[in-house]
Amino acid sequence: MKEKIFTIENIYFIILIAIITFWLTMVTAKGSLTNNRRKWWKRLTERGRIACYIGLLLALILALQEFNNQRISYNNNIDLKNAQDSSATMITQGVKKGVKTETDKLFENLTIAFKKQGLQYDSIKNTVTKIKDSVKTTIINGEPPLIEFVNIQIIDSSYFRNNYTIRFTLKSLNSVSYNTDLIIESFGIFSDRKIDYMGNVRILSKTTLPKEISFYQNMIVEKDSSFIFYAFRLRGFYFKHDKTKITIDKFYTLEPKAKKDNVKYTTPEMENDLRNYIKKKNIK
């Protein structure tokens, strides 16, 4: 990027030219500038020589003004070029952002589809594997229950000025869950993917969840404009009717600006970041 050069405001040249013009007028008006009785190279009087000097000074100032105007024009061209470059950069960034948004949506939809089929895509290894850590079950007979959040929604952002009230809707799919013990952990995610742990709440303890019946639980989290979204970890265990123990450890996300009911899983990369953060901070 080119640097601008020093210039002087034209108003100073205008003032200076006006003063010198007035001076020249006064000099020429008060007496004769030439003496015809002298030889031609001596015909200029003292006042005439002063008038010549003033005229030369005026010409010099006019030349400097023109030079200054050229420098001003140069700076204006730089401003125009910078504005064009900035506009082009903003357009390019907008296009990239739009492409990234659509890519993220596609990836999110694929992730959800995979998880519903009991699969998980590992973008680092570029492989699709069966989910082993999210739900560990030993099926003896009958279909095992599957506990899921079916809705996560901000229901009140004004109850406390600096907090959101978030409602989680939970269901036991397929069959009844017995002696259910669950905890929700909350995290704030910054734009640079840094993570802030915000605490946990035990939502169920030795509770029976009927099949397909919605269970609601509210949770208050800190409202921070620096967070691009919140992540929630649902972990714990429950039992099948034959006392088979099932453990659960899932991650969900919520965007503060989302107004509609929604449930979103974290991407594999974000889930890896969260698990590494939990391990590093020794969160239990």
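We number each residue from 1, following the sequence as shown.
Summarising the geometry, atom OG1 belonging to Thr266 is positioned 9.0 Å from atom CG belonging to Asn272; distances are rounded to the nearest 0.5 Å. The CD1 atom of Ile248 sits 5.0 Å away from the OH atom of Tyr238 when rounded to the nearest 0.5 Å. Of the inter-residue distances, the one linking Ile246 atom CD1 with Ile147 atom CD1 reads 8.0 Å to the nearest 0.5 angstrom. We find the CZ-CD1 distance between Phe229 and Ile189 to be 5.0 Å, quoted to the nearest 0.5 Å. Interatomic distance, Phe251 CZ to Asp273 CG, rounded to the nearest 0.5 Å: 10.5 Å. The line from CD1 of Ile61 to CD1 of Ile14 is 12.5 Å long, rounded to the nearest 0.5 Å.
Proximity of a side-chain donor or acceptor of Ser73 to a complementary backbone N or O of Asn69 within less than 3.5 Å is not detected. Not a single donor-acceptor pair under 3.5 Å links the side chain of Thr21 to the backbone N or O of Leu24. No side-chain donor-acceptor contact under 3.5 Å links Thr165 to the backbone of Ile155.
Glu185 pairs by the salt bridge (charged side-chain N to carboxylate O under 4.0 Å, His left out) definition with Arg233, Arg235, not counting sequence neighbours. Partners of Ser186 according to the side chain to side chain contact (heavy atoms under 4.5 Å, CB included) rule, which considers only residues two or more places apart in sequence or in another chain, are Met198, Met219, Val221, Phe232. Residues satisfying the side-chain hydrogen bond (donor to acceptor under 3.5 Å, both in side chains) test with Asp196, not counting sequence neighbours, are none. For the ring pair (Phe, Tyr, Trp, His ring centres under 6.0 Å) test, residues two or more places apart in sequence or in another chain that qualify with Tyr252 are Phe149, Tyr265. The side-chain hydrogen bond (donor to acceptor under 3.5 Å, both in side chains) search around Asp181 returns Arg202, not counting sequence neighbours. For Asn77, the side-chain hydrogen bond (donor to acceptor under 3.5 Å, both in side chains) test picks out no residue, with sequence neighbours left out. Looking at residues two or more places apart in sequence or on another chain, you find a side chain to side chain contact (heavy atoms under 4.5 Å, CB included) between Phe6 and Ile8, Arg71. Under the side-chain hydrogen bond (donor to acceptor under 3.5 Å, both in side chains) criterion, Ser226 pairs with Asp224, not counting sequence neighbours. With sequence neighbours left out, Leu62 forms a side chain to side chain contact (heavy atoms under 4.5 Å, CB included) with Ile17, Leu58, Gln65. The side chain to side chain contact (heavy atoms under 4.5 Å, CB included) check on Asp192 picks up Phe190, Lys194, with sequence neighbours excluded.
Residues Arg193 and Glu269 form a side-chain contact, since some pair of their non-hydrogen atoms from C-beta on lies under 4.5 Å apart. Between Tyr74 and Ile78 the shortest side-chain heavy-atom distance falls below 4.5 Å. Taking the side chain as every heavy atom from C-beta outward, Phe168 and Phe215 never approach each other to under 4.5 Å. The shortest distance between side-chain heavy atoms of Thr208 and Ser177 does not fall below 4.5 Å. The shortest distance between side-chain heavy atoms of Phe187 and Ile283 falls below 4.5 Å. Inter-residue side-chain proximity for Gln70 and Thr7 is flagged as unmet; no heavy-atom pair is nearer than 4.5 Å. Within the 4.5 Å cutoff, side-chain heavy atoms of Phe13 are placed close to those of Leu64. Side-chain contact between Leu209 and Leu170 is present, with heavy atoms from C-beta onward closer than 4.5 Å.
Heavy-atom minimum distance, Leu274 versus Ala231: CD1-CB, 3.9 Å. Minimum heavy-atom separation, Thr244 to Asp242: OG1-OD1, 2.7 Å. Contact record, Ile184 with Leu234: CG1-CD1, 4.3 Å, taken as the closest heavy-atom pair. The nearest pair of heavy atoms linking Asn174 to Pro145 is CB-CA, 4.4 Å. Taking every heavy atom of both residues into account, Tyr230 and Lys223 meet most closely at OH-CA, 3.6 Å. Listed here is the closest heavy atom pair of Pro256 and Phe227: CG-O, 4.2 Å.
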(message) The test is side-chain contact (heavy atoms from CB on, under 4.5 Å); show your working for Arg275 and Asp249 and say whether it passes.
(response) CA-CA 11 Å; Arg275 293 195 184 280; Asp249 189 353; 3.0 Å; yes
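Cluster annotation: Tyr12 and Phe67 are assigned to distinct hydrophobic clusters (Ile/Leu/Val/Met/Phe/Trp/Tyr, side-chain heavy-atom contacts under 4.5 Å, transitive). Ile183 and Leu254 are not part of a single hydrophobic cluster, where members link through side-chain heavy atoms under 4.5 Å apart. Taken together through direct or relayed side-chain contacts under 4.5 Å among Ile, Leu, Val, Met, Phe, Trp and Tyr, Ile228 and Met270 form part of one hydrophobic cluster. Tracing side-chain contacts under 4.5 Å through hydrophobic residues (I, L, V, M, F, W, Y), one never reaches Leu146 starting from Phe239; they form parts of separate clusters. In terms of hydrophobic clustering, with Ile, Leu, Val, Met, Phe, Trp and Tyr side chains grouped at heavy-atom distances under 4.5 Å, Leu182 and Tyr178 are assigned to different clusters.
With salt bridges taken as basic N to acidic carboxylate O contacts below 4.0 Å, one links Glu255 and Lys264.
Around atom OH of Tyr197, more than 12 heavy atoms belonging to other residues, nucleotides or ligands sit under 6.0 Å away.
The salt bridge (Lys or Arg N to Asp or Glu O under 4.0 Å) analysis of residues 5-20, with sequence neighbours excluded, yields no pairs. Residue pairs meeting the side chain to side chain donor-acceptor pair (under 3.5 Å) criterion with at least one partner in residues 209-220, sequence neighbours excluded, are Arg167-Asn218.
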